[in-house]
Amino acid sequence: CAACMTLALIPVQFGLTEVRGDLLPAALNLWGLALCATAAGRAPRIVPAAICFGLAFLAKQTALFGALAAFLAFLYARETRTALRLFAISAAVGLGGLVICYIASHGVMLDTMTKMASGGGSFTTFLKGPLTMLMVLYGHDRAYLMLALIVLLTFTRDERRTLMPLPLA
């Protein structure tokens, strides 16, 4: 019943019937993050998650943030081996797909993709991204930053460890 009511909404129908370039990479990133987030005591499903992240990159080259969030969350939780395994498998899937596309298109696809994926930004713009986001928030919504800081300071160290990767997702 809830599924039928959800599907009856006009925005949902519009989203399902219109071509959206961001839906596939967003869904793949969410699946990858869901596979990385596990119940206590269970090992994360790294291989399927990494495949999702690699396919999300192939669908849209700017969709690296899910993989980056999972990678940083594993590093922050001191699971370096898991983080490196996730990175290696995701990179292998992404690079393997790029090699196949390069061979199939005789190099045209890779040339077009590199021009379109940058969006006018550079590598330094990418590295300044988190700082730029904080500066935009500081300029527009100082109350949000103060509330976030107060909430963060009220948590214990262990609670902060599980909370810190959430904004990256």
Side-chain angles (χ1 to χ4, degrees), residues 1-9 11-104 109-110 113-114 116-119 121 123 126-127 129-134 137 148 151-152 155-169:
C1 183
C4 291
M5 292 186 70
T6 302
L7 290 173
L9 298 171
V12 174
Q13 291 176 7
F14 182 72
L16 291 174
T17 58
E18 297 295 318
V19 175
R20 305 258 182 198
D22 294 334
L23 286 180
L24 178 62
L28 288 167
N29 271 325
L30 284 175
W31 273 108
L33 289 171
L35 289 168
C36 286
T38 58
R42 286 185 55 193
R45 296 177 190 100
I46 295 301
V47 174
I51 291 171
C52 286
F53 292 137
L55 291 174
F57 167 74
L58 290 172
K60 186 168 185 176
Q61 290 71 41
T62 56
L64 295 173
F65 297 105
L68 181 62
F71 178 77
L72 291 176
F74 285 129
L75 284 182
Y76 193 74
R78 295 194 173 116
E79 295 183 28
T80 309
R81 189 175 197 178
T82 304
L84 292 175
R85 190 168 166 226
L86 177 77
F87 173 77
I89 297 170
S90 297
V93 170
L95 289 174
L98 287 177
V99 167
I100 291 169
C101 291
Y102 182 81
I103 292 169
M109 182 262 187
L110 185 63
M113 188 178 75
T114 54
M116 298 301 288
S118 71
F123 187 67
F126 174 74
L127 292 177
L131 181 62
T132 303
M133 184 182 75
L134 284 176
L137 279 176
V151 168
L152 185 62
F155 286 129
T156 65
R157 185 175 187 195
D158 289 335
E159 289 171 333
R160 273 186 257 149
R161 178 169 299 220
T162 59
L163 181 71
M164 289 301 284
L166 289 180
L168 296 173

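Quantities reported herein were computed from a predicted structural model and do not represent experimental measurements.
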Who pairs with Leu64 by side-chain contact (heavy atoms from CB on, under 4.5 Å), at least two apart in sequence or on another chain?
-> Phe57

Spacing of CG belonging to Leu30 relative to CG belonging to Leu35, to within rounding of 0.5 Å = 11.0 Å

Which heavy atom in Gly66 sits nearest to a heavy atom in Asn29, and how many Å separate them?
-> CA-OD1, 3.6 Å

Reported CG-to-CG distance for the pair Leu33 and Leu28, which is rounded to 0.5 angstrom =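 One finds 11.0 Å between CG of Leu33 and CG of Leu28.
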
Shortest non-hydrogen contact from Ala50 toward Ile89 |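 Minimum heavy-atom separation between Ala50 and Ile89: CB-CG2, 3.3 Å.
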
Distance, nearest 0.5 Å, that separates CG of Leu68 from CG of Leu86 =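 So the gap between those two atoms works out to 10.5 Å.
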
Kindly compute the distance separating OG1 (Thr82) from CG (Leu75), expressed to the nearest 0.5 Å.
-> 10.0 Å

Heavy-atom distance under 4.5 Å between the side chains of Phe74 and Cys36, does that happen here?
-> yes

Nearest-0.5 Å distance that lies between atom CE in Met109 and atom CG in Leu98 |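 Answer for the CE-CG pair, Met109 versus Leu98, is 6.0 Å.
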
Would you name the heavy atoms of Phe71 and Ala83 that are closest together and state the gap between them?
-> CD1-O, 3.2 Å

How close do Pro25 and Ala63 get, heavy atom to heavy atom, and via which atoms?
->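 The pair with the smallest heavy-atom distance is CB-CB, 3.7 Å.
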
Nearest heavy atoms of Val93 and Leu55, plus distance in Å =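 The answer is CG1-N, 4.0 Å.
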
Those residues that, when tested against Ala67, pass side-chain contact (heavy atoms from CB on, under 4.5 Å) (two or more places apart) |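 Partners of Ala67 under the side-chain contact (heavy atoms from CB on, under 4.5 Å) test: Phe53.
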
Arg85 and Val47: side-chain contact (heavy atoms from CB on, under 4.5 Å), yes or no, with the steps?
-> CA-CA 8 Å; Arg85 190 168 166 226; Val47 174; 3.5 Å; yes

